[in-house]
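Since the structure comes first, as C-alpha cells, the remarks are kept for the end.
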Amino acid sequence: MKTSTMTLIKFYHLLFLGCGAIAMVANVSAQQRPDSQFQKMMNSSFRTEGIANIDRIDQDPTQKFCSDPQFASSKAGAARALEIQKQNMASIKPPSDGKYIGDWKSGEAIAQSGRGATWTDTASTPIGGGCYNCHEIDKKEISYGNIGPSLWNYGKTRGNSQELIVYTWNRINNSKAYNACSNMPRFAHFKLLNEKQIQDLMALLLDPASPVNQ
Amino acid sequence: MAPISVVLKRSLVLSLLLMGAQSIHAQSAADEIAKYREMIADGNPSELYEMSGEELWKKPAGPKNASLEKCDLGLGPGIVDGAAAVLPKYFKDTNRVQDLESRLMTCMEKLQGVPSESIIDAKFGVGPKKDMDAIVAYVVTHSKGKKINVSTTHPKEKQMYEMGKRAFFYEGGPFDFSCASCHGSSGKRIRLQDLPNLTTHDGAVAGWGYWPAYRVSSGQFWTMQQRLNDCFRQQRFPYPIYGSDVTIALSMYMAKNANGGIIQTPGLKR
C-alpha cells in the first residue's frame with residue numbers, strides 16, 4: 001500500500017516535471033528560437049578591442065529575455081519576467097557597513113559622469129553613473145535626458161522611510177529586480193559602481209541637505 | 001579645411017553660450033541647432049569631402065592603376081546618381097547584401113586591386129578610411145533629395161532586414177544596452193541630444209536619411225559605418241568590424257523603415 005502510494009506520488013511528480021519540461025520547450029520556441037544564422041552573424045561581426053571583450057555579446061538570461069520585446073509583452077512573458085526579477089532581487093546585497101546614505105557631493109559627481117567601460121577607456125577609467133544621461137536630478141543641471149523619470153525632489157516628495165531607503169538602494173544596485181527589462185544598467189551586478197559610490201548616489205537623492213531636495 | 005571647422009565650432013559654441021545666458025532649456029537647444037543648421041545649409045563642410053571624393057572616384061589608383069568609374073553601386077556600372085537611395089542591396093557578383101561602404105570596398109578590390117583588409121583594419125579619419133569618407137561623401141551627395149527606396153524582395157535582403165531587426169533589440173554588455181534602449185521609443189533624449197525612434201518611419205528617416213553627416217562637435221565627416229561604430233562603443237559592446245554583416249543588417253533595418261523618406265545627405269549634425 002505504502003509502496004503503491006509512493007509510486008503514485010512519483011508518477012505524478014514525474015508527470016508534473018514532464019509538463020514543466022514541455023512548458024519550458026514551448027517557452028523557448030515562443031521566445032527567440034535559437035537561430036544559428038543570427039548567432040553566426042553576431043559572432044563574426046564583432047571583435048575584442050581594448051577592454052571591450054568579444055564575450056560582451058554573450059547574453060545572460062535577463063538580456064536574452066529582454067531582447068525579444070514581443071515575447072516579453074506576452075502572457076508567458078509576464079510570468080517569465082517575474083522569475084527574472086526574482087533572480088535579480090536575489091543578487092542584491094545590503095550595504096556591508098549598514099550605511100545607506102553617503103555624501104551627496106560625491107554623488108553629484110558620479111551622477112554627472114557618463115564615462116567608463118567603452119573600448120576607448122581602460123580598466124582603471126572610473127565608471128560614472130551616467131545618471132543625468134537619462135534623468136533630471138538637480139534642477140540646476142539643465143542638460144539632462146528623459147529616458148528615465150525625473151528625480152528632482154526625490155526625497156522631499158517621497159519621505160525617508162526605511163522602506164523607501166531600501167527600495168532606492170535596491171533600484172540603484174539592480175533595477176531589473178523591479179522591472180525585468182528596465183533600461184537602467186545593473187550597477188552592482190556588473191560592478192559598475194562600488195558600495196561607496198552607491199551610498200553617495202543615495203545621499204544625492206535622499207539627504208535632506210542635497211540640492212535635489214531643496 | 002581646419003580653419004573652417006574651427007570657425008563653425010566656435011560659432012556654435014558661441015550661440016550655445018548666448019543661449020546659456022538666457023536660461024535655456026532642452027527644447028531651445030534643439031531649436032538653436034536647427035537654426036544653426038539652416039544658417040550654414042549652403043556651406044556644409046561636407047562639400048570639401050565631396051570634392052576630394054569625386055577626384056578619388058575618377059583618378060586611377062591602386063595596384064591595378066584603375067579608377068572607380070566602372071563601379072556598380074546597384075544601378076549599373078558607373079551610375080552614382082541615386083545609388084545611395086537603393087542601398088543596402090543584394091549583389092549577385094558577391095552573393096551578399098551590401099551597404100555603400102562594403103560595396104565600395106568590393107569595387108576597390110576588384111577594379112583597383114586594393115585588398116579590403118587594408119581598409120577594414122585602418123583607423124577612422126586617416127589614410128584609406130579618410131579616402132573612403134571622401135568617396136562616400138561624393139556618392140551620397142548625389143542622392144540628396146531622392147526618396148529612400150531599398151528592396152526586401154530578394155530572400156537575402158529580406159533575411160538581412162529580419163536579422164537587423166533582431167540585432168536592433170539585442171541586449172548585451174555590462175550596461176545591458178541594445179539599440180532599442182535609446183532608439184526604441186519616441187520623444188527621448190540623452191542629455192540634450194534628441195534620439196530618433198528608429199522603429200518608426202519618421203524616426204528612421206531622421207536617422208538613416210541624415211547620415212552620413214558632418215559633425216560640428218568633432219569637425220569630422222562620419223559615414224554610417226562610423227556612426228554605428230560609435231553607437232556600439234557607447235553601448236559598451238565589443239568592436240563592430242567595418243562592413244560586417246551586423247552593420248549592414250542594422251542599416252537594412254533602418255533604411256527599410258525609412259523607405260519613402262527624402263534623403264538629406266550629407267547631413268549636418270551637432
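For the numbers below, each heavy atom of this structure counts, side chains included, while hydrogens, waters and symmetry mates do not. Throughout, a chain's letter reflects where its sequence line sits, starting with A, and its residues are numbered from 1.
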- Message: Does any backbone or side-chain atom of B:E162 lie under 4.5 Å from a heavy atom of chain A? Answer side chain, backbone, both or neither.
- Response: neither

- Task: Measure distances from B:D230 to the heavy atoms of chain A and classify the residue's part below 4.5 Å as side chain, backbone, both or neither.
- Result: neither

Checking [X] against chain B: side chain, backbone, both or neither under 4.5 Å from a heavy atom?
{"X": "A:N133", "answer": "both"}
{"X": "A:Q37", "answer": "both"}
{"X": "A:F46", "answer": "both"}
{"X": "A:S44", "answer": "backbone"}
{"X": "A:L192", "answer": "side chain"}

In terms of heavy-atom contacts, does [atom1] of [X] have more than 12 from other residues, nucleotides or ligands at under 6.0 Å?
{"X": "A:R115", "atom1": "CZ", "answer": "no"}
{"X": "B:K158", "atom1": "NZ", "answer": "no"}
{"X": "A:Q214", "atom1": "CD", "answer": "yes"}
{"X": "A:N160", "atom1": "CG", "answer": "no"}

Choice from [options] maximising heavy atom contacts with chain B below 4.5 Å:
{"options": "A:H135, A:E136, A:M184, A:R47", "result": "A:R47"}
{"options": "A:T120, A:T48, A:D58, A:I51", "result": "A:T120"}
{"options": "A:M42, A:Q59, A:E49", "result": "A:Q59"}

Please give me the minimum heavy-atom distance between [X] and [Y], naming the atom from each residue.
{"X": "B:E171", "Y": "A:C66", "value": "OE2-CB, 3.4 Å"}
{"X": "B:L192", "Y": "A:I142", "value": "CD2-O, 3.6 Å"}
{"X": "A:A52", "Y": "B:F237", "value": "CB-O, 3.6 Å"}
{"X": "B:Y170", "Y": "A:Q39", "value": "OH-NE2, 3.7 Å"}
{"X": "B:A167", "Y": "A:M41", "value": "CB-CE, 4.2 Å"}

- Main-chain N/O of A:G116 paired with B:R236 side-chain donor or acceptor, under 3.5 Å: yes

- Among A:I127, A:T118, A:N183, the one residue meeting side chain to side chain contact (heavy atoms under 4.5 Å, CB included) with B:F175: A:I127

- Item | B:I190 side chain reached by A:N146 side chain, heavy atoms, under 4.5 Å | no

- Message: Could you tell me if the side chain of A:W119 sits less than 4.5 Å from the side chain of B:P238, heavy atoms only?
- Response: no

- Item | Residues B:R191, A:E141; criterion side-chain contact (heavy atoms from CB on, under 4.5 Å); working and verdict | CA-CA 10 Å; B:R191 292 277 186 163; A:E141 177 52 86; 3.7 Å; yes

- Note on the structure: Residues of residues 177-187 of chain B with a heavy atom under 4.5 Å from any heavy atom of chain A, in residue-number order, are B:F177, B:S181, B:C182, B:G187

- Item | For chain A, which residues of residues 243-257 of chain B have heavy atoms nearer than 4.5 angstrom | B:S244, B:D245, B:V246, B:A249

- Query: Are the charged groups of B:D176 and A:K176 less than 4.0 angstrom apart, N to O?
  - Reply: yes

- Message: Does B:R189 qualify as a cation-pi partner of A:Y144, given the criterion of NZ or CZ under 6.0 Å from the six-membered ring centre and within 45 degrees of its axis?
- Response: yes

- Query: So how far is it from A:S45 OG to B:F232 CZ, rounded to the nearest 0.5 Å?
  - Reply: 8.5 Å

